[in-house]
Amino acid sequence: MSADTRLNELGVSGFGEVAEPAVHVRGYRMLGSGAGPAPGRTTRGLVGTGLVAALAAVVATTLGAALAQAVGVDFEVPDGGETIPLAGFAVVTGFFTVVGIVIAAAFRRWSARPAKRFVWTTVSLTAISLVPPVISGASAATIAALVGLHLVPAAVTIPVLARSLRTRTD
């Protein structure tokens with residue numbers, strides 16, 4: 001290792017200037033102002049992986065809803081008496097999965113432990129999302145199906161995005 005390289009690691013650059021020391025913690029380059037992704041890990045890759053997971057979650061949730069309808073679940077919500085359409089499951093799943101991708105990207109950018117923070121946050125949000133179906137006053141079959149259909153996209157996307165947030169050293 002050259003003397004210049006060693007001095008740069010210690011925070012000293014040429015001509016008497018002081019450079020900000022770079023400390024690598026769990027795959028993140030920590031500078032004085034905050035955390036950022038480690039070299040070689042791109043947000044574009046995270047978003048691409050997230051969009052593939054979103055597509056898988058949309059397909060799985062919509063197929064699950066179609067299967068539930070085929071066995072007699074009506075998805076009728078007492079407030080207003082309207083039935084949730086299959087397209088509604090796809091749209092809502094896609095939207096909230098994209099919200100999850102944004103959360104993952106934010107943790108990737110600003111957290112020293114993005115995977116851990118992401119899992120805690122998304123599992124908590126998933127638990128909160130189970131409350132409306134339970135208190136909706138719908139039939140037991142509709143409540144059970146809706147709870148299951150909240151868990152399907154979470155089971156598809158949370159592990160995939162969390163894995164994308166982990167570094168090789170975790």
Side-chain angles (χ1 to χ4, degrees), residues 25-28 34-38 40-170:
V25 177
R26 293 186 157 247
Y28 278 75
R41 303 288 238 166
T42 65
T43 300
R44 184 179 295 164
L46 173 71
V47 171
T49 300
L51 290 175
V52 170
L55 180 61
V58 166
V59 169
T61 303
T62 306
L63 286 175
L67 181 62
Q69 279 185 339
V71 297
V73 177
D74 60 9
F75 292 116
E76 186 176 317
V77 181
D79 287 339
E82 294 186 25
T83 300
I84 304 169
L86 285 180
F89 290 102
V91 169
V92 171
T93 300
F95 176 79
F96 283 106
T97 303
V98 169
V99 169
I101 295 168
V102 171
I103 291 170
F107 281 134
R108 179 179 163 64
R109 171 69 179 98
W110 290 297
S111 177
R113 296 183 186 169
K116 183 177 182 177
R117 302 279 185 259
F118 176 76
V119 169
W120 274 100
T121 301
T122 53
V123 168
S124 299
L125 290 172
T126 301
I128 291 167
S129 80
L130 300 177
V131 173
V134 171
I135 65 171
S136 68
S139 69
T142 298
I143 291 172
L146 288 173
V147 166
L149 292 172
H150 277 80
L151 298 176
V152 167
V156 170
T157 58
I158 292 172
V160 170
L161 289 171
R163 198 172 312 115
S164 292
L165 290 170
R166 286 193 179 92
T167 62
R168 296 178 198 271
T169 61
D170 278 349

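- For Ala53 against Thr157, the heavy-atom pair with the smallest separation is O-CG2, 3.7 Å.
- The two residues Thr43 and Ala105 come nearest to each other via the heavy atoms CG2-CB, 4.2 Å.
- Among pairs with a residue in residues 131-153, none fulfils ring pair (Phe, Tyr, Trp, His ring centres under 6.0 Å), at least two apart in sequence or across chains.
- Within the model, atoms OG1 of Thr121 and CZ of Phe107 stand 3.5 Å from one another, a figure rounded to the nearest 0.5 Å.
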Output side-chain donor-acceptor pairs under 3.5 Å for residues 130-139, partner residues at least two apart or in another chain, one line each.
unit_1, atom_1, unit_2, atom_2, d
Ser136, OG, Pro133, O, 2.8
Ser136, OG, Ala138, N, 3.2
Ser139, OG, Thr142, N, 3.2
Ser139, OG, Thr142, OG1, 3.0

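- The minimum heavy-atom distance linking Ala90 with Thr62 is given by the pair CB-OG1, 3.5 Å.
- Ser111 and Arg117 get closest at one heavy-atom pair: OG-CG, 3.4 Å.
- For the side-chain contact (heavy atoms from CB on, under 4.5 Å) test, residues two or more places apart in sequence or in another chain that qualify with Thr93 are Ala57, Val58, Thr61, Thr97, Pro153.
- Counting only heavy atoms from C-beta outward, the side chains of Leu146 and Ile84 approach each other to under 4.5 Å.
- With sequence neighbours excluded, the residues forming a side-chain contact (heavy atoms from CB on, under 4.5 Å) with Thr122 are Phe118, Ile158, listed by chain and number.
- Shortest non-hydrogen contact noted between Ala145 and Val73 is CB-CG1, 3.9 Å.
- Under the ring pair (Phe, Tyr, Trp, His ring centres under 6.0 Å) criterion, Phe75 pairs with Phe89, not counting sequence neighbours.
- Residue Ala104 comes nearest to Leu165 through the heavy atom pair O-CD2, 3.5 Å, listed as atom of the first residue, atom of the second, then distance.
- The side-chain contact (heavy atoms from CB on, under 4.5 Å) test applied to Glu82 returns no partner, not counting sequence neighbours.
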